Amino acid sequence: MENKNQDIYHSKIYLFLNALTLLGYLILYPLITKFINPSTYGNYILLYAYVSILINFCNLGCSVGFRRNFFEISDDKNYSNNLLYSVQIFILIIFGLVLFFLISFESSILKLFSFPKELESLWILLVISLMLDSYSKYFFIYLENKKKSKIYFLIFFLKTYFYFIISILLVFFNKGILSLVYGLFYSNLFLLLISTFIQYSKGFKDYNLNFSYVKKILIISIPSTPRLLFGRINSDIDKILISFFINSESTGIYAIGQSIAYSIFQIITSLDKVFIPEMYKLMFAKKFKKIGTYLRPFLFFFTLITLVVISSTNLIVDTFLDIKYSEAKIVIIIFSIYYFTLFFSKVAGHQLVFLKKVWTNTFIFFINIFLNIILSIIFIYYLGFYGAAFATAISSIISLLISIKILQKWMIINYDLMAIKLSYFFLTIAVVAQLITLNFSWLQDSYILQFCLIIVLSLSFLIYGFTKKIISKKNIMSILYLHK
């Protein structure tokens, strides 16, 4: 019971952090869409995609191995510290070598791509920014697994709002897309300094370099590298193909819509800092049948958030975005369903990592990216950038079904099927209602009616879940109040 209360407490901290982050984006996105045209923003997104793929490859999948091996030796108090320090030193060496190569051959690399001059002059700065961010994530995983949610909150909050403040100020001074790059660099540099200070506040003597730990991590991570690399490509291929087949303006509109829907995935990510470590504990304890019951409150809460986002699509776009980005509405709806479904994909992925079926995981991801590329090309041709969103969602769902089918041979999680059916039933109602709204101009302008619909759907979902005992009074109280 004590562990469960602690999970609730940590969940609240991560959710509060996520809410504050979303609040910052509510200020930043209106400014981006007002002062940065879709074409320029689309070019930035494309460059960001290329750099993200590079950084993902340079990590060699070490985050997966680090997270997996963290709980392997629980009786050694110094093990987790040494594991963290060892993987950090290894990643620093890799990043240093890659950065030296990129700077040495910068002119040759730039000839391979066609970007505006303002972005060509900033791409190395963007590379360094994302390297700093990637390096710091190992300390964040350490804090997650140690359940030090307050320290996590402090560091992430300071870094995020440092980014918002710098970006917003520079946007006001008409620095355009440079605002986002400078914001990333200075906020991630600040993140590195503050996380390093906190990590070593007790002194370096608590950390010892042990490359045997790195070797054990690489045994898990190297087979995962193709999966993670192509997974990164899979998440960016839609934007790359939109830029290639349509134009950068469409990429900008598409990216804004995807980013708004991504708020759902951010909430899943903020809470997986709680339920993923607990999942590993249950799996190592061979308590597989308890995992489904443990995950049910999280599923219910994710459904509620997705329901609100989908139902609010028209209100969000009309209120916070410039009219140049109004076509992002359908993208938000499609990606909201996609990100909700990723909850199950996350669970399945960590099951395969625990079972050390990393090559199986890699095979499934190859299927996913193959489907995504093929479907994206076909759907973009017929449906424009909406087709890319459909292709991403469909390929992901097919891959998830394959994962679940394969996992039935080794580990079965007894999900609450009634809760899953209820979730998708209400989400379908929300999608249909929003599509009807978008097809009638008088409904699009009836914001009070739309707000009432959001309230009715949300309350109906809560009441039905409560009466069917899918969610309990205790679960609801834990969502409403921040307490242990």
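Numbers here are sequence positions counted from 1. Fair warning: this is a prediction, and the values are worked out from it, not measured in the lab. When reading the values below, keep in mind they use all heavy atoms of this one structure, side chains included, and skip hydrogens, waters and symmetry mates.
Contact of the Asn188 side chain with the Lys159 side chain is registered, since non-hydrogen atoms from C-beta on lie closer than 4.5 Å. Inter-residue side-chain proximity for Leu191 and Phe140 is flagged as met; some heavy-atom pair is nearer than 4.5 Å. Phe164 has its side chain out of reach of Ile27: every pair of non-hydrogen atoms, C-beta onward, lies at least 4.5 Å apart. Using a 4.5 Å heavy-atom threshold, the side chains of Lys329 and Asp318 count as touching. Put simply, the side chain of Ile198 reaches to within 4.5 Å of the side chain of Phe139, judged on heavy atoms. The closest side-chain heavy-atom distance from Phe172 to Leu31 is below 4.5 Å. At a threshold of 4.5 Å between non-hydrogen side-chain atoms, the residues Tyr138 and Cys62 count as touching. Within the 4.5 Å cutoff, the side chain of Leu184 has heavy atoms near those of the Tyr48 side chain.
Rounding to the nearest 0.5 Å places OG1 of Thr306 at 10.0 Å from CZ of Phe301. Rounded to the nearest 0.5 angstrom, Ile109 CD1 and Leu54 CG are separated by 8.5 Å. Atom-to-atom distance recorded for Phe366:CZ and Leu371:CG is 13.5 Å, nearest 0.5 angstrom.
Taking the six-membered ring where tryptophan is involved, the planes of Phe426 and Phe461 are perpendicular, since the angle between them exceeds 60° and thus also 30°.
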- Mind running side-chain contact (heavy atoms from CB on, under 4.5 Å) on Leu435 and Ile330 for me, showing each step along the way? CA-CA 8 Å; Leu435 291 176; Ile330 298 296; 3.9 Å; yes
- Determine, stepwise, if the pair Ile429 / Leu307 fulfils side-chain contact (heavy atoms from CB on, under 4.5 Å). CA-CA 9 Å; Ile429 293 176; Leu307 192 67; over 6 Å; no
- Task: Tell me, with the steps shown, if Phe95 and Ser134 meet side-chain contact (heavy atoms from CB on, under 4.5 Å).
- Result: CA-CA 10 Å; Phe95 282 173; Ser134 182; 3.8 Å; yes
- Could you check Tyr325 against Tyr29 for side-chain contact (heavy atoms from CB on, under 4.5 Å), going step by step and ending with a plain yes or no? CA-CA 11 Å; Tyr325 291 82; Tyr29 277 153; over 6 Å; no
- Checking ring pair (Phe, Tyr, Trp, His ring centres under 6.0 Å) for the pair Tyr142/Phe66: CA distance, chi angles, key distance, verdict? CA-CA 9 Å; Tyr142 173 88; Phe66 176 66; 7.5 Å; no
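With sequence neighbours left out, the ring-ring contact (aromatic ring centres under 6.0 Å, His included) criterion links Tyr338 to Phe335. For Thr303, the side-chain hydrogen bond (donor to acceptor under 3.5 Å, both in side chains) partners are Ser423, not counting sequence neighbours. With sequence neighbours excluded, no residue satisfies ring-ring contact (aromatic ring centres under 6.0 Å, His included) with Phe173. Applying the ring-ring contact (aromatic ring centres under 6.0 Å, His included) criterion to Phe101, with sequence neighbours excluded, gives Phe105. Residues meeting the side-chain hydrogen bond (donor to acceptor under 3.5 Å, both in side chains) test with Ser376, sequence neighbours left out: Asn372. With sequence neighbours left out, Ser52 forms a side-chain hydrogen bond (donor to acceptor under 3.5 Å, both in side chains) with no residue at all. Partners of Asp238 under the side-chain hydrogen bond (donor to acceptor under 3.5 Å, both in side chains) rule, at least two apart in sequence or in another chain, are Tyr254. Every salt bridge (Lys or Arg N to Asp or Glu O under 4.0 Å) that Asp236 has, sequence neighbours left out, goes to Arg232, Lys239. When the ring-ring contact (aromatic ring centres under 6.0 Å, His included) test is applied to Tyr424, the partners found at least two apart in sequence or on another chain are Phe340.
The heavy-atom pair separating Pro38 from Ile253 by the smallest distance is CB-CG1, 4.0 Å. Across all their heavy atoms, Ser39 and Ser248 have their closest contact at OG-OG, 2.9 Å. Nearest heavy atom pair, residue Ile45 against residue Ala255, reads CG1-CB, 3.7 Å. Leu180 and Ser167 get closest at one heavy-atom pair: CA-OG, 4.2 Å. Across all their heavy atoms, Ser195 and Ile155 have their closest contact at CA-CD1, 4.3 Å.
Using a distance-only test at 3.5 Å, with no hydrogens or angles considered, a donor-acceptor pair links the side chain of Ser179 to the main chain of Val171. Thr33 contributes a side-chain N or O that, together with a main-chain N or O of Asp322, makes up a donor-acceptor pair within less than 3.5 Å. Of the possible polar contacts, none joining the Thr319 side chain to the Ile316 backbone as a donor-acceptor pair under 3.5 Å is found. One N or O on the side chain of Thr313 and one on the backbone of Val309 form a donor-acceptor pair closer than 3.5 Å. Proximity of a side-chain donor or acceptor of Asn247 to a complementary backbone N or O of Ser243 within less than 3.5 Å is not detected. Between the side chain of Asn368 and the backbone N or O of Ile364 there is no donor-acceptor pair closer than 3.5 Å. Between the side chain of Ser399 and the main chain of Ser395, a donor-acceptor pair closer than 3.5 Å is present. Between the side chain of Ser311 and the backbone N or O of Val308, no donor-acceptor pair lies under 3.5 Å. Side chain of Lys324 to main chain of Asn37: no donor-acceptor pair is present (N/O by atom type, distance under 3.5 Å, no hydrogens or angles).
Annotation for Ile93: atom CD1 counts as buried by contact number, over 12 foreign heavy atoms lying within 6.0 Å. Atom OH of Tyr447 has more than 12 heavy atoms from other residues, nucleotides or ligands within 6.0 Å. Counting non-hydrogen atoms of neighbouring residues, nucleotides and ligands closer than 6.0 angstrom, the CZ atom of Phe57 reaches no more than 12 such neighbours. In Leu459, the CG atom is crowded: over 12 heavy atoms of neighbouring residues, nucleotides or ligands sit closer than 6.0 Å.
Residues Tyr262 and Tyr339 place their aromatic rings such that the two centres sit under 6.0 Å apart. Under the 6.0 Å cut-off for aromatic ring centres, Phe157 and Tyr161 qualify, their centroids lying closer than that.
The stretch residues 425-438 participates, sequence neighbours left out, in no side-chain hydrogen bond (donor to acceptor under 3.5 Å, both in side chains) pair at all.
No hydrogens or angles considered: nothing links the side chains of Thr21 and Thr160 as a donor-acceptor pair under 3.5 Å.
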Sequence neighbours excluded and cut-off under 3.5 Å, please list the side-chain donor-acceptor pairs for residues 378-394, or say none.
unit_1: Tyr386; atom_1: OH; unit_2: Glu327; atom_2: O; d: 3.1
unit_1: Thr392; atom_1: OG1; unit_2: Ala388; atom_2: O; d: 2.9

Just distance, no hydrogens or angles: give the donor-acceptor pairs under 3.5 Å from side chains in residues 124-133, sequence neighbours left out.
unit_1: Ser129; atom_1: OG; unit_2: Leu125; atom_2: O; d: 2.7
unit_1: Ser129; atom_1: OG; unit_2: Phe185; atom_2: N; d: 3.3

